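Quick caveat, the model's predicted, so the values are computed rather than measured. Each chain gets a letter, A, B and so on, in the order its sequence line appears, and its residues count up from 1.
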Number of protein chains: 2
Amino acid sequence: MLMQNAQTLSPTHPAKPADRWSAEQGNGGAPGLDALGVRMAFARNAEIFGEGEPTTYVYKVVSGAARTYKVLDDGRRQISSFYLPGEVFGLEATAAHHCSAEAVTRSVLLVIKRSALVSLAEAEHRVSHMLWALTARELQQVRTHMLVLIRSAQERVACFLLELAERMGVTDQIELPMSRQDIADYLGLTIETISRTLTQLESTGAIAVPTCRRIVLRDRKALKRLHA
Amino acid sequence: MLMQNAQTLSPTHPAKPADRWSAEQGNGGAPGLDALGVRMAFARNAEIFGEGEPTTYVYKVVSGAARTYKVLDDGRRQISSFYLPGEVFGLEATAAHHCSAEAVTRSVLLVIKRSALVSLAEAEHRVSHMLWALTARELQQVRTHMLVLIRSAQERVACFLLELAERMGVTDQIELPMSRQDIADYLGLTIETISRTLTQLESTGAIAVPTCRRIVLRDRKALKRLHA
DNA sequence: CGTTTCTTTGACAAATATCAAGCTAGGTGG
DNA sequence: CCACCTAGCTTGATATTTGTCAAAGAAACG
């Protein structure tokens, strides 16, 4: 459960000052939420919640990144989404989570009691509409991601890089919070294919990969062409 | 728009008696909706709404089937979902549709004014929660479908058949409302692969295909094994 | 009853996965 | 501060899966 995985910071302690990203930044924002929650730090790969667990909390990324995923019996994992600073996840209309969530890197999350939101929603339509809108936005993003999954490896990786750059609010250079395995499980490919595709994009001059966690978008036009 | 595609029945006419499926049946149901809408018939492949159009109506399948989809620039199409009798689609939190919808076969739909729902929601939390729950359910289903998309062709087809049988409330035999091309675009495969895979499943005795629109589930255990 | 559309099948090509090995970088302890 | 050690990443050779192209067969429709 939650307390077992939360690291270092108790709910009553404020987290250490957030890194580059404030909780307010980012486009997935739901500004009204911030006063309702407490900050909590999670170690790299720490479980945030598991599939089937009660939906006690809703989360907003302050710094770091989170992933939600499902696993098949044979161990294959499909990452549904990554969540970057400012974005909300773990919100469900039902009593149980339909997927699991983990911290991608050491992360600080704003943890909000779901029951507080739900009762607030019963008093104010604005809140009620916000809950609906957050879920609807996520549905839209997942549908868009499905379109990515039917494309070629090059196209998938190009889409991924452009999407990430946009969501991180940068234009030229990405600092990847996630491993190759994470990217592979998000794009429905293997790590080898991810690696080869990055090399390939680098050799055509579309990107540069100075270190394995840093990607320079050298030729956005070429990437956008793949993005279609 | 709506009126151009609706066939034969004016909104004030009741539709001809629904085929095998009543509007109340099925699990995606939202029973309270029925009084609010009018029935309308759509021809095979008629557009119900297009991506980007205003979200004026919400739809519930009375008889027949609908599909929602997105298309890539190069023409590839990804079907997000099929909707069977009793199921609701076209509900969005925003003012514009994020995907397009068409009738798979000649279908009768219950057409409900979105504005009626939204204003009802402002008065009653129960309605408000229903809207949220409907969107959340759809999110869950799309996430589950993403897991299907990372699997092998055999597994995808087996999952599809089992899902359809369950949603149609049958155990032994399926009457497919959709073409091979629809199935292909739903599962991220080509029609040739769909056809070959069905033949293959037939040769192993898992299914029988007496006519191309009828599938007999001969060995559910074998299919479930692929379902994982 | 012919015409058109959809489905099946075959041969081949292309893309991606798998298996195996080597490389790199980051972290740890001497 | 350096050297080792481990994780993660890259690369190569090969196998498998699925897509593509082409043609024939079946079903739906007027």
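At whole-Å resolution of the value, CG in A/Leu198 and C1' in D/dC9 are 10 Å apart. Separating the CD1 atom of B/Ile183 from the C1' atom of C/dT7 is a distance of 11 Å, rounded to the nearest angstrom. Atom CG in B/Asp182 sits roughly 12 Å away from atom C1' in C/dC6 (whole-Å rounding). Rounded to whole angstrom, the span from the CZ atom of B/Arg106 across to the P atom of D/dC29 amounts to 13 Å. C/dA15 atom P lies 11 Å from atom CD of A/Glu155, rounded to whole Å. At whole-Å resolution of the value, CZ in A/Arg151 and P in D/dG19 are 16 Å apart. Distance CZ (A/Arg214) to C1' (C/dG26): 15 Å, rounded to an integer number of Å. Between the CG atom of A/Leu187 and the P atom of C/dA15 there is a distance of 18 Å, rounded to whole Å.
Looking at which nucleotide of DNA chain C each of B/Met178 and B/Arg196 is closest to, the 5′-most match is held by B/Met178. Position along DNA chain C of the nearest nucleotide to A/Glu192 versus A/Ser152 favours A/Ser152 as the more 5'-ward residue. Each of B/Arg44 and B/Gly188 has a nearest nucleotide on DNA chain D; the 5'-most of these lies closest to B/Gly188.
The phosphate of D/dT10 has OP1 or OP2 within less than 4.0 Å of a side-chain N or O from A/Arg180. Residue B/Thr190 places no side-chain N or O under 4.0 Å from the OP1 or OP2 atom of D/dT20. In this model, the phosphate group of C/dA17 is approached by a side-chain N or O of A/Thr193 to a distance below 4.0 Å at OP1 or OP2. Checking the phosphate oxygens (OP1, OP2) of D/dC9, a side-chain nitrogen or oxygen of A/Arg213 falls inside 4.0 Å.
At least one side-chain heavy atom of A/Ile79 sits under 4.5 Å from a side-chain heavy atom of A/Asp182. Put simply, the side chain of B/Glu87 reaches to within 4.5 Å of the side chain of B/Arg167, judged on heavy atoms. At a threshold of 4.5 Å between non-hydrogen side-chain atoms, the residues B/Arg76 and B/Val71 do not count as touching.
Nucleotide D/dT16: paired with C/dA15 (Watson-Crick or G-U wobble, both distances less than 3.5 Å). Applying the Watson-Crick and G-U wobble criteria (two distances, each under 3.5 Å), D/dC1 pairs with C/dG30.
In this structure, the nucleotide among D/dT10, D/dT20, D/dG19 sitting nearest to the side chain of A/Cys212 is D/dT10. Across C/dT16, C/dT7, D/dG12, the shortest atom-to-atom separation from the side chain of B/Ile191 is found for C/dT7. The side chain of B/Thr199 sits closest to C/dT8 out of C/dA11, C/dT8, D/dC9.
By the rule that a glycosidic angle within 90° of 0 means syn, C/dA13 does not qualify and counts as anti.
Using a distance-only test at 3.5 Å, with no hydrogens or angles considered, a donor-acceptor pair links the side chain of B/Ser107 to the main chain of B/Ala65.
Below 30°, between 30° and 60°, or above 60°: for B/Phe49 and B/His97 the angle between ring planes is below 30°, a parallel geometry. In this structure, A/Tyr186 and A/Phe82 have tilted ring planes: the angle between them lies in the 30° to 60° band.
Residue contacts shown for B/Ile194 are absent, as no nucleic acid heavy atom lies under 4.0 Å away. Nucleic acid contact class of B/Leu189 (heavy atoms, under 4.0 Å, all strands): sugar-phosphate only. Among the atoms of the strands shown, only primed sugar atoms or phosphate atoms (P, OP1, OP2) are found under 4.0 Å from some heavy atom of B/Ser179.
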